[in-house]
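Some notes on the structure that comes next.
In the text below, chain A, chain B and the rest are named by the order of the sequence lines, each starting its count at 1.
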Number of protein chains: 2
Amino acid sequence: MREPGTGSTGRAQEVTDAMADEKAAPSTLAGRIDALFRVVRRPSREQYSHEEVARACREATGDSFSATYLWQLRTGRRDNPTKRHLEALAQFFHVPVAYFFDDDQGAAVAKELELLGALRDAQVRSMALRAVGLSPEAVGTISDMIDVIARREREHGAADDIA
Amino acid sequence: MREPGTGSTGRAQEVTDAMADEKAAPSTLAGRIDALFRVVRRPSREQYSHEEVARACREATGDSFSATYLWQLRTGRRDNPTKRHLEALAQFFHVPVAYFFDDDQGAAVAKELELLGALRDAQVRSMALRAVGLSPEAVGTISDMIDVIARREREHGAADDIA
DNA sequence: GTGGGTCATGAACTAGAATGAATGAGCAAG
DNA sequence: CTTGCTCATTCATTCTAGTTCATGACCCAC
């Protein structure tokens, strides 16, 4: 009763899965919170009440969290909660905070970061960092040099595999 | 191997040092925002001012965003912004909103942030990607050139021609 | 020097996020 | 039917997120 989420492992996965086939990820904050209420339930499969969730958030974070306000968020009458409240909700429902945002921008950057993961080569990393702050002309010159060297290494068959 | 001998420490090293010193993995919201200001800069490599960022956020979202408040967030005098403001900041600085939270994803992004900042420059990014797969010797050669050019650009004017 | 631009900082204020207490609907005993 | 409980909903209030305005430092042009 006091810590409703504790006994569940991998609940967030349940959430994403069930959400995919149910409402296809609602686009409003209210819709997302409501989806959480419908999907994340007590062991008895009953929905949590607003007061229950609010109390759990209070006890987990030490800060205040009113059931009324949670209802307002869920029904869309309020749609601009603070960082504090978003953290508490994400923690209770076991979802990443990014769930509450439409993260097209975040997804793009995440993809970019993934691409950067390819740059395992420490030397290449350090090279990129050094190039920061150079003039565009200088970077262009270096790029040309890379092309030349890369072609030469390819023609001589000296290119070795990475990773 | 890639040390030019005399000028051992390059410009990028300054960046990494600055990040490692105080904000290697900033745990506070203020620290994270401050890190963004240091890493994400104008094409001229100057830091954005608070007014600049605030105005850009206003124009991008249509909502209000005051420079004073941004300063308060950056210096830690305010630490509980609303969803609206977090979205605007994330959009401007090209980071996922999760970056502002103590989250798994946020932590990962914070770790990669310095490299991301480096590679936000499209030219530098493409340069790095093309360097992947080159032999260590070739990468070392390129790195040496970067050091030399960076040094020359530092000693002469910033927008100096390199021919 | 003086005037005008940009900047970080601070104080005073406004707007709205968030709370608490009150209301009524619904349900299950007694 | 009534009592007692829990819940969603409403409303009035409090508190703080967020803004506006003012100040001083700094730099550059005149």
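Taken to the nearest 0.5 Å, the CZ atom of A:R58 stands 5.0 Å off from the CD atom of A:E51. Annotation: the span from A:L86 atom CG to A:I33 atom CD1 amounts to 7.5 Å, rounded to 0.5 Å.
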Detail all sub-3.5 Å separations between protein N/O atoms and N/O atoms belonging to nucleotides 23-27 of chain D.
none

Identify all pairs in which a protein N or O lies below 3.5 Å from an N or O of nucleotides 6-9 of chain D, and state each distance.
{"unit_1": "D:dA8", "atom_1": "OP2", "unit_2": "A:H50", "atom_2": "N", "d": "3.4"}
{"unit_1": "D:dA8", "atom_1": "OP2", "unit_2": "A:H50", "atom_2": "ND1", "d": "3.2"}
{"unit_1": "D:dT9", "atom_1": "OP2", "unit_2": "A:W71", "atom_2": "NE1", "d": "2.4"}

Show me the protein contacts with nucleotides 12-18 of chain D, counting only N or O atoms at under 3.5 Å.
{"unit_1": "D:dG18", "atom_1": "OP1", "unit_2": "B:T82", "atom_2": "N", "d": "3.1"}
{"unit_1": "D:dG18", "atom_1": "OP1", "unit_2": "B:T82", "atom_2": "OG1", "d": "2.2"}
{"unit_1": "D:dG18", "atom_1": "OP1", "unit_2": "B:H85", "atom_2": "ND1", "d": "3.4"}
{"unit_1": "D:dG18", "atom_1": "OP2", "unit_2": "B:Y69", "atom_2": "OH", "d": "2.1"}
{"unit_1": "D:dG18", "atom_1": "OP2", "unit_2": "B:T82", "atom_2": "N", "d": "3.2"}
{"unit_1": "D:dG18", "atom_1": "N7", "unit_2": "B:R78", "atom_2": "NH1", "d": "3.1"}

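In this structure, the side chain of B:R55 does not engage the main chain of B:A67 through any donor-acceptor pair within 3.5 Å. A donor-acceptor contact shorter than 3.5 Å links the side chain of B:N80 to the backbone of A:R84.
Here the side chains of A:F101 and B:P96 are not in contact, with every heavy-atom distance at 4.5 Å or above.
Note on B:R32 versus B:D102: salt bridge recorded, some NZ/NE/NH1/NH2 to OD/OE distance being below 4.0 Å.
Environment of CG in A:D79: sparse, with no more than 12 heavy atoms of neighbouring residues, nucleotides or ligands closer than 6.0 Å.
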Pair A:F100-A:L36, side chain to side chain contact (heavy atoms under 4.5 Å, CB included): steps then yes or no: CA-CA 11 Å; A:F100 295 116; A:L36 287 177; 3.7 Å; yes
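Using a 30° and 60° split on the angle between ring planes, A:H85 and A:F65 fall in the tilted class, from 30° to 60°.
One atom, CZ of A:R55, and another, P of C:dA18, lie 20 Å apart when rounded to the nearest Å. In this structure, B:D63 places its CG atom 16 Å from P of C:dA15, rounding to the nearest Å.
Annotation: A:F92 is in aromatic contact with A:Y48 [ring centroid separation under 6.0 Å].
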